[in-house]
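Nothing here was measured: the structure is a model prediction, and the numbers come from that model. Every chain is numbered from 1 and lettered A, B, ... according to where its sequence line falls, protein lines coming before strand lines.
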Amino acid sequence: MTSGLLFAIVGVLLFTMGGAGVLLLDHLLRRILAFNLMGSGAFLVLVGLAQRHDVADPVPQAMVLTGIVVAVAATALALALARRLHALTGRMELPEADDD
Amino acid sequence: MKRLVVIAAALAFSLALIATLLELPAATIDLRPAVAENLAASGVAHPVTAVLLNYRGYDTLLEIAVLLLALFGILALGLERQVCTLRAAERPLQLLARLASPLMVVVAVYLLWAGAWRPGGAFQAGAVLAAAAVLLHLTELLPGWLQPSARLRWGLAGGFLLFLGVATAMLARGALLEYPPAHAGALILLIEAGLTFSLGLILAGLFLFMTCDEGGD
Amino acid sequence: MTDPGALMVWLILLPLAWACLAFLLGSGRGAQAAIIGLGLQLGLTLLLAVMLSGAGAASHAVGGWPAPLGIALAADGLSVLMLLLTQLIALPLAVYAHAYFAAGSVEGRYFWPLTGILLAGLNGLFLSADLFNLYVTLELVGLSAVGLVAAGGGVSQVAAALRYLFAALVGSGAYLLGVALIYGAYGTVSLETLGPLVVAEAPRAVWLAGGLMLVGLMLKTALFPFHYWLPSAHGGAPAPVSALLSALVVKASFYLILRLWLDPFGALVARAELLAWLPMTLGSAAILWGSWKAIRAPRIKMLIAYSTVAQLGYLFLIFPLLGTAGARQAGMMHVFAHGLAKAAMFTAAGVLIKVTGQDTVAGLAGVAGRRPLSLYAFGLAGITIMGLPPSSGFLAKWLLIEAALQQGHWIIALMVLVGGLLATAYVFRVLRQAFLRAPRAGELVAVPRTLELMAFVLAAASVLLGLRGVELMALLSIGSAA
Amino acid sequence: MSLALGFDLLLASALLWSAWRALTTVRLDHAVVVFIVFGLLMALAWARLQAPDIGLAEAAIGAGLSGALLLDAYGALRRREAERKAP
């Protein structure tokens, strides 16, 4: 098995682990961690799968660089919102949906 | 119950996907020859930088917009900030930070310059600049930021505006971001220099605008 | 400018430029820059539509690098219609927002930069012909929408924004994994190149990729049962933001589903015909559930938000019928009808809430006599939502029923009729309350006339479009094989 | 089994283990620190995938900046909770 394929498989596992985490965890900080794992997983699949014959491919590598910056932007926004919620309510979990 | 269902679904999905990855035939198209052939016209010698700032430079332009947008989003929350004061910190730590931060600026400039032919470039350089600012903040040498002044706003948006301006100017020649091969290297370096500066400020801002949203003491 | 490529590029550059200007100059001059920019964008879009209807679909290779090495922008009838709707709705909403936000408020200050980036993301999304570039535009749209929901808000707004953010991030994450699998299978993300490559005998990874992208985009479109984040986000945001989100943002991911469904995944879909009934079933459930919740909602903006959940359902009824041009026209007509009418409803509701100082349906008692223009706007938008002639909503439903009966799928026609009846129930709940001859308890707050005028313009457009809708939908044939 | 494959397998299991711990470990501060370790392991994985550019970016942005943001957020939570308990 090549490094590319191996890390693509790790990427799949990280993605589903992160996805399940976002769905199941209540604490917002953990959810943000889980979302980041999801992103890292998708990035590993993108590069790993493209390089499954172990030859470097600059195109997906550049895409992942873009993706990492987008992920940090999303993380920062999520943290700012979570901190705001904590400042207002003292809680780090989302309140029940207020949808009536 | 929900937990079990989600975990079972995640496991089943992982296994199915991994099985399909193992049987996937070779990709139909290989872009590597095209990347290599056009490298001479791209203005840089490092393929990843060529993809990032030339072949797919449009992605990068929009990605800077995403970063700016995150910053706008944080500022728009209207955090009730108190004045950010500096606390007393350990003198040796401060000395270390004072020594390290100019060094980090040098590293950033090197990464920016080296990006043309080897790993490095504006993002890594900007991140190092931001790390220097965070370090100065953690050692109480740099206070967190409140609402940005006009000058800081120009600094934050300047790199993006420069990129946007160059991209637009190229439109007059034919296509958005179509650099003339003779000047591509210089134009990319100009854009990267502007981006490094603004990315350093934006990434530092993501940290420094948030850190003052509550009185620490 | 005679080159359609340059027009397309300017539609993305202009909103980015005025977003930056608004950030640098502050809200007063920022709003002026935005309104001028939006006026230009509308002009450019009209020019693009005229140009394409003469010369056919156009594309622009960004950086001068043709796909698959570079990124291509492409405009066909579908993109042009979405662009047209976006600028048509954004301009009156900008004028409305300029009057809506108090000078100096933090949500007013950042409304312009965030909206500029949102519109650049939307225009970029409608023009992009590259799966990874589409991911970046999806993030631009999603994150700016979250920022707009949260801006300057209290607990419920911030919580709604967070719920929305996680839904948007999981949605775009699933989409991104799909893109990664496609790149792994074919070595390209260019839509144009992928078109002939994706055949019915595609490897299973491609099927999974399509599934991931579909589910991720459904989550972003808030299709039932993924609608859980929508009511609190659309119902809790300031009125101009709610209007932008309901009228445009959810349509962007719907547009992308439709585009990818037709091509490059058309070959896969043709092989599994039953697949088209999945979106249709979910859409039907959305119509029933959303309408039921709208009929029961105590607060007016929640009522409108649940109406959006229901109305999005119609868009997914067209999938089993997509073989005919009529079904695509019906879908796009509904996108227009709902976009204009929903923007009108949220803006009118924004006026009524400002005037009465509270947001319950019960609190509207007797408001008709005092604010007739706003209520008239709400009523006109209601006519479109219910689908009464001559509105564009009627035309959309007519086209849909016609396409359904032509192919013998009477169940789809039945869903359209049931949805219309349910919509009548919740629209009349508001109107009946407003026309009650109840003595007003409190004083009514004065509001700028511009607010009511813009709500009226949007509502009138949604009705009058019914008279010229067929001509508009003819644009859909640009660059379309069928 | 070659040395390279052995290293890759070790790295892969370390990645999965640290990801799992970041989600499940009881203490929040430990979770954040494990997440930063995960970021550094990712940087190593990128190096193994012949992607040093991403490795640099991951270490600086993924582990460094995200880590600093998360730690700062955690610190803010602790401070505010302490204030609430002892006003």
Side-chain angles (χ1 to χ4, degrees), chain B residues 13 16-17 19-21 23-32 34-35 37-38 41-42 51 54-63 65-66 68-78 147-148 150 153-154 156-158 160-161 164-165 167-168 170-179, chain C residues 5-6 9-10 12-13 16-17 19-20 23-24 26 60-65 68-71 73 105-107 109-111 113-114 117-118 120-121 124 130 132-133 136-137 139-140 143-144 146-148 150-153 158 177 181 183-188 193 197 203-208:
Chain B
F13 173 77
L17 187 48
T20 64
L21 294 192
E23 63 173 29
L24 194 63
T28 326
I29 292 178
D30 190 354
L31 288 177
R32 280 174 292 232
V35 171
E37 273 163 32
N38 294 301
S42 76
V51 177
N54 201 333
Y55 308 143
R56 295 186 69 94
Y58 174 52
D59 273 345
T60 309
L61 181 75
L62 294 188
E63 157 204 352
V66 175
L68 265 179
L69 150 69
L71 194 76
F72 296 162
I74 291 170
L75 290 170
L77 276 176
Q147 284 292 329
R153 288 205 297 268
W154 277 99
L156 289 164
F160 179 68
L161 280 175
L164 203 63
T168 313
M170 297 304 122
L171 188 60
R173 292 190 61 254
L176 182 72
L177 279 166
E178 184 177 359
Y179 311 118
Chain C
V9 169
W10 277 107
I12 299 162
L13 294 179
L16 286 176
C20 281
F23 174 62
L24 293 170
H60 178 85
V62 181
W65 304 106
L69 180 62
I71 298 168
L73 300 179
S105 68
V106 66
E107 63 267 38
R109 183 153 20 126
Y110 287 99
F111 175 82
L114 286 169
I117 294 192
L118 175 71
D130 180 287
F132 185 78
N133 184 251
V136 183
T137 59
E139 294 286 28
L140 272 177
L143 294 181
S144 51
V146 169
L148 283 168
V158 172
L177 186 61
L181 295 174
Y183 189 88
Y186 297 111
T188 178
T193 319
L197 288 179
R204 271 190 295 169
V206 176
W207 286 86
L208 274 178

With a 4.5 angstrom heavy-atom cut-off, could you sort out which part of [X] is near chain B: side chain, backbone, both or neither?
{"X": "C/Leu197", "result": "side chain"}
{"X": "C/Val9", "result": "side chain"}
{"X": "C/Leu148", "result": "neither"}
{"X": "C/Leu118", "result": "neither"}
{"X": "C/Leu24", "result": "both"}

Taking the inter-plane angle between the rings of B/Tyr55 and C/Trp65 on a 0 to 90° scale, is it parallel (under 30°), tilted (30 to 60°) or perpendicular (over 60°)?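 Rings of B/Tyr55 and C/Trp65: perpendicular, over 60°.
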Residue part contacting chain C, namely of [X], when any heavy atom lies under 4.5 Å:
{"X": "B/Leu24", "result": "side chain"}
{"X": "B/Ala65", "result": "both"}
{"X": "B/Leu21", "result": "side chain"}
{"X": "B/Leu69", "result": "both"}
{"X": "B/Val35", "result": "both"}
{"X": "B/Leu62", "result": "both"}
{"X": "B/Ala26", "result": "backbone"}
{"X": "B/Asn54", "result": "both"}

Closest heavy-atom contact between [X] and [Y]?
{"X": "C/Leu114", "Y": "B/Ala76", "answer": "CD1-CB, 4.2 Å"}
{"X": "C/Tyr110", "Y": "B/Gln147", "answer": "OH-OE1, 3.1 Å"}
{"X": "C/His60", "Y": "B/Leu171", "answer": "CE1-CD1, 4.1 Å"}

Looking at chain B, which one of [options] has the largest number of heavy-atom pairs inside 4.5 Å, strictly under?
{"options": "C/Gly147, C/Gly5, C/Ser144", "answer": "C/Ser144"}
{"options": "C/Leu69, C/Val158, C/Leu181", "answer": "C/Leu69"}
{"options": "C/Leu73, C/Val206, C/Ile117", "answer": "C/Ile117"}
{"options": "C/Pro203, C/Ala151, C/Ala185", "answer": "C/Ala185"}
{"options": "C/Leu16, C/Thr193, C/Thr188", "answer": "C/Leu16"}
{"options": "C/Gly70, C/Pro113, C/Gly121", "answer": "C/Pro113"}

Side-chain heavy atoms of C/Asp130 within contact of C/Val62, under 4.5 Å: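 Not touching, per the 4.5 Å side-chain cut-off.
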Using a 4.5 Å cut-off on heavy atoms from C-beta on, say whether the side chain of B/Val51 contacts that of B/Leu31.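 Side-chain contact under 4.5 Å: no.
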Only counting residues at least two apart or in another chain, list the ones meeting salt bridge (Lys or Arg N to Asp or Glu O under 4.0 Å) with C/Arg109.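 Result, salt bridge (Lys or Arg N to Asp or Glu O under 4.0 Å) vs C/Arg109: none returned.
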Which residues satisfy the salt bridge (Lys or Arg N to Asp or Glu O under 4.0 Å) test with C/Arg204, sequence neighbours excluded?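 Partners of C/Arg204 under the salt bridge (Lys or Arg N to Asp or Glu O under 4.0 Å) test: B/Glu23.
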Calculate, to the nearest 0.5 Å, the distance between atoms CZ and OG1 belonging to C/Phe132 and C/Thr137 respectively.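 It is 10.5 Å, given to the nearest 0.5 Å.
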Walk me through it: do B/Leu161 and B/Trp154 pass the test side chain to side chain contact (heavy atoms under 4.5 Å, CB included)? CA-CA 9 Å; B/Leu161 280 175; B/Trp154 277 99; 4.1 Å; yes
